[in-house]
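Just so you know, these numbers use all the heavy atoms, side chains as well, and skip hydrogens, waters and symmetry mates.
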Amino acid sequence: MAFKRADILLPRFAGDSEKMKKWSVVACDQYTSEPEYWKEVSKVTEGAYSTLFVTVPEIYLNDSDIDERIKNTNATMDKYMAEDVFEEYKNAYIFVERTLRSGVKRLGIMGMVDLEEYDFSKESKSKIRATEGTVVSRIPPRLKVRRDAPVELPHIMLLIDDASKDIIESNAAKVNTFRKVYDFDLMQNSGHITGYLLSDEAADELDRKLTALSNLDDFNKKYGVNEATPLVYAMGDGNHSLATAKTNYENLKKEMGDAAKNTHARYALCELVNLHDDSLVFEAIHRVIFNADADKFIKALEKEYTLSFDENAKGQSFMLVRDGKQTKVTVTNPTEYLTVATVQKALDDFIAENGGEVDYIHGEDVVINLSRDNNFGIILDAMDKSDLYKSVILDGALPRKTFSMGDACDKRFYTEARKIK
């Protein structure tokens, strides 16, 4: 199985909601432009056991003392292990109920993935695949932490495509029969989280349902394709965290050979969530191109595709914004499955030839305000999340900044851990 039960570590004080509120910290790649957020986290966790001290927030990656910070992070991991901070739940799944700030619940299963079944390259045909392009330059600093770490605390979220909402969601009706292992408010007004240890019966049922997702004939019929390997698990969040785990494992195989396959490093802890979970809303990420000519971009696009400026044209459409004016542009003969893929490919080629700089923007009003003078903007419709699997199957990993899933406060918080040495 590509996703399976894990030996999961939780603090021995997991039943203490006040201590757990200080323990659990948001994913390291959030609030990277908001030092005030991390200053408040430091203030809240001072003197306490906390995942802040065993992870490296990316806001600090460019600091001059980053190597010292990484060294201290690994040392704190060793300290926590020596002080017997963790209790281990052997061969376990944890059912997670995460209440977001909005009040909506996200349901998930904590387990581990087999890195032998994962390939983050764009052309990947593995059972576990990246949904967006991996920026390889983001791996080395994370690798420095993982290489010498005795434990992992990942913020990885994997997705399954279960429109029937049966595989994960069916456990919600059984929580009264499960052992509750934690239940606490998250810091910084980020909602609430509750974790339950799945019973053996529920875990066996989950295994059966997940195994069925790997049926190749059913997979090809579902997506109307003829693939040799099914895409079973798609990255939802934490792509670079999983890519780091994969790189570390591949490096270990070079050092140890096949013996590496029998190590803890072969697996990575993550949360499994249904793509169709009510909490997962795909939001569009728009583009603003600075110091570039919109007319030149349209002419470059016309060299590759047939364009229509008719409001009723059929194809892949986006809004071109400049000096307060919006123009609907439709590519009538696209070669990519998604509009954002067509646009990003064209932008990359255009900037390489003509210069300019792209910024990725969430709000349409911000795009309109910025798209003046020597700048222009592109407003995109939000991707239908039901298209995610089909687009990755057909086109491979999607362009960077294809979609966003929720606000920073709704991202995974570090709670569980696992030994990797």
Output, in order, the C-alpha distance, side-chain angles, deciding distance and verdict of salt bridge (Lys or Arg N to Asp or Glu O under 4.0 Å) for D114 and R266. CA-CA 6 Å; D114 186 350; R266 173 174 172 168; 2.9 Å; yes
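- Formation of a donor-acceptor pair under 3.5 Å by the S190 side chain with backbone atoms of L186 is not found in this model.
- Rounded to the nearest 0.5 Å, atoms CG (N215) and NZ (K221) are 10.5 Å apart.
- With hydrogens and angles disregarded, no donor-acceptor distance shorter than 3.5 Å links the side chain of D277 to the backbone of V273.
- Residue-environment remark: NZ (K71) stays at or below the threshold of 12 foreign heavy atoms within 6.0 Å.
- With a 4.5 Å cut-off on side-chain heavy atoms, C270 and P154 do not count as touching.
- Residues passing the side-chain hydrogen bond (donor to acceptor under 3.5 Å, both in side chains) test with N74: none are found, sequence neighbours excluded.
- Classification of K246 and E250 as a salt-bridged pair holds, one side-chain N sitting under 4.0 Å from a carboxylate O.
- No donor-acceptor distance shorter than 3.5 angstrom exists from the side chain of S371 to the backbone of I368, with no hydrogens or angles considered.
- In plain terms, the two heavy atoms of F178 and L197 that are nearest each other are CB-O, 3.4 Å.
- Between the side chain of E283 and the backbone N or O of A382, no donor-acceptor pair lies under 3.5 Å.
- Although no hydrogens or angles enter the test, the distance criterion places a donor-acceptor pair under 3.5 Å between the side chain of E152 and the main chain of L269.
- Classification of K165 and D278 as a salt-bridged pair holds, one side-chain N sitting under 4.0 Å from a carboxylate O.
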Going through the distances and angles, do S308 and T330 end up as a side chain to side chain donor-acceptor pair (under 3.5 Å)? CA-CA 5 Å; S308 174; T330 301; 5.5 Å; no
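- The closest donor-acceptor contact from the side chain of T73 to the backbone of V56 lies at 3.5 Å or more, if one exists at all.
- With salt bridges taken as basic N to acidic carboxylate O contacts below 4.0 Å, one links D207 and R5.
- At least one side-chain heavy atom of I167 sits less than 4.5 Å from a side-chain heavy atom of L206.
- By the 6.0 Å contact criterion, CD on E357 is open, its count of non-hydrogen atoms from other residues, nucleotides or ligands being 12 or less.
- Between I168 and F95, the shortest heavy-atom contact is O-CE1, 3.7 Å.
- The aromatic rings of F86 and W23 stand perpendicular to each other, their planes meeting at an angle above 60°, with 30° marking the opposite boundary.
- Within 6.0 Å of atom NZ in K421, more than 12 heavy atoms from other residues, nucleotides or ligands are found, so the atom counts as buried in its surroundings.
- K253 and E116 are joined by a salt bridge, as a carboxylate oxygen and a charged side-chain nitrogen come within less than 4.0 angstrom of each other.
- For D381, there are no salt bridge (Lys or Arg N to Asp or Glu O under 4.0 Å) partners at least two apart in sequence or on another chain.
- Among the candidates T339, L380, V340, I285, the single residue satisfying the side chain to side chain contact (heavy atoms under 4.5 Å, CB included) test with T402 is V340.
- Using modelled atom types, one finds no donor on one side chain facing an acceptor on the other under 3.5 Å when comparing E255 with N251.
- At least one side-chain heavy atom of D161 sits under 4.5 Å from a side-chain heavy atom of Y223.
- Taking the salt bridge (Lys or Arg N to Asp or Glu O under 4.0 Å) definition, one finds that E97 meets it with K105, sequence neighbours left out.
- D185 contributes no side-chain N or O that, together with a main-chain N or O of H192, makes up a donor-acceptor pair within less than 3.5 Å.
- With rounding to the nearest 0.5 Å, the separation of CD in Q326 from CD1 in I379 is 4.5 Å.
- Using a 4.0 Å cut-off between charged side-chain N and carboxylate O, E205 and K209 make a salt bridge.
- Here the CG atom belonging to L231 is positioned 11.0 Å from the OH atom belonging to Y233, to the nearest 0.5 angstrom.
- Aromatic rings of H155 and Y414 (six-membered ring for Trp) have centroids within the 6.0 Å cut-off, being under it.
- Looking at every heavy atom in both residues, I156 comes nearest to G238 through CG1-O, 3.7 Å.
- Put simply, CG on L394 and OH on Y389 are 14.5 Å apart, with the number rounded to the nearest 0.5 Å.
- Between Y89 and V181, the shortest heavy-atom contact is CE2-CG1, 3.8 Å.
- Considering only residues two or more places apart in sequence or on other chains, D410 meets the side-chain hydrogen bond (donor to acceptor under 3.5 Å, both in side chains) condition with none of them.
- When side chains are defined from C-beta on, L198 counts as touching I109, because their heavy atoms get closer than 4.5 Å.
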Decide side chain to side chain contact (heavy atoms under 4.5 Å, CB included) for L398 and L338; before the verdict, give the C-alpha distance in whole Å, the side-chain angles of both, and the deciding distance to 0.1 Å. CA-CA 9 Å; L398 306 177; L338 294 176; 3.8 Å; yes
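- Using a distance-only test at 3.5 Å, with no hydrogens or angles considered, a donor-acceptor pair links the side chain of R418 to the main chain of H264.
- One finds no salt bridge joining D387 and K390 here, because no Lys/Arg side-chain nitrogen approaches an Asp/Glu carboxylate oxygen to under 4.0 Å.
- Electrostatic pairing of R412 and D237 does not count as a salt bridge here, judged by no charged N lying under 4.0 Å from a carboxylate O.
- Closest approach of W38 and P57 over heavy atoms only: CZ3-CG, 3.8 Å.
- Of all heavy-atom pairs spanning L115 and A245, the tightest one is CD1-O, 3.5 Å.
- In this structure D407 satisfies the salt bridge (Lys or Arg N to Asp or Glu O under 4.0 Å) test with no other residue, sequence neighbours excluded.
- Between the CG atom in D166 and the CG atom in N274 there is a gap of 10.0 Å [rounded to 0.5 Å].
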Could you check K345 against E336 for salt bridge (Lys or Arg N to Asp or Glu O under 4.0 Å), going step by step and ending with a plain yes or no? CA-CA 9 Å; K345 182 173 180 289; E336 306 290 331; 5.3 Å; no
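- Under the 3.5 Å distance criterion, with hydrogens and angles disregarded, a donor-acceptor pair is assigned to the side chains of Y182 and E416.
- Residue-environment remark: NZ (K122) exceeds the threshold of 12 foreign heavy atoms within 6.0 Å.
- Using modelled atom types, no side-chain atom of T32 and backbone atom of E58 make a donor-acceptor pair closer than 3.5 Å.
- Put simply, the side chain of T327 reaches to within 4.5 Å of the side chain of F309, judged on heavy atoms.
- Under the 30°/60° scheme for interplanar angles, the aromatic rings of F3 and Y93 are found to lie parallel.
- Contact check for L52 versus S42: side-chain heavy atoms found under the 4.5 Å cut-off.
- At a threshold of 4.5 Å between non-hydrogen side-chain atoms, the residues N239 and T131 do not count as touching.
- Counting only distance, with no hydrogens or angles, the side chain of K328 and the backbone of E311 share a donor-acceptor pair below 3.5 Å.
- Partners of K419 by salt bridge (Lys or Arg N to Asp or Glu O under 4.0 Å), not counting sequence neighbours: none found.
- Taking the ring axis of F376 as reference, the NZ or CZ atom of R322 does not stay both within 45° of it and closer than 6.0 Å to the ring centre.
- The shortest distance between side-chain heavy atoms of T332 and K314 does not fall below 4.5 Å.
- The CE atom of M235 lies 11.5 Å from the CZ atom of F120; values are rounded to the nearest 0.5 Å.
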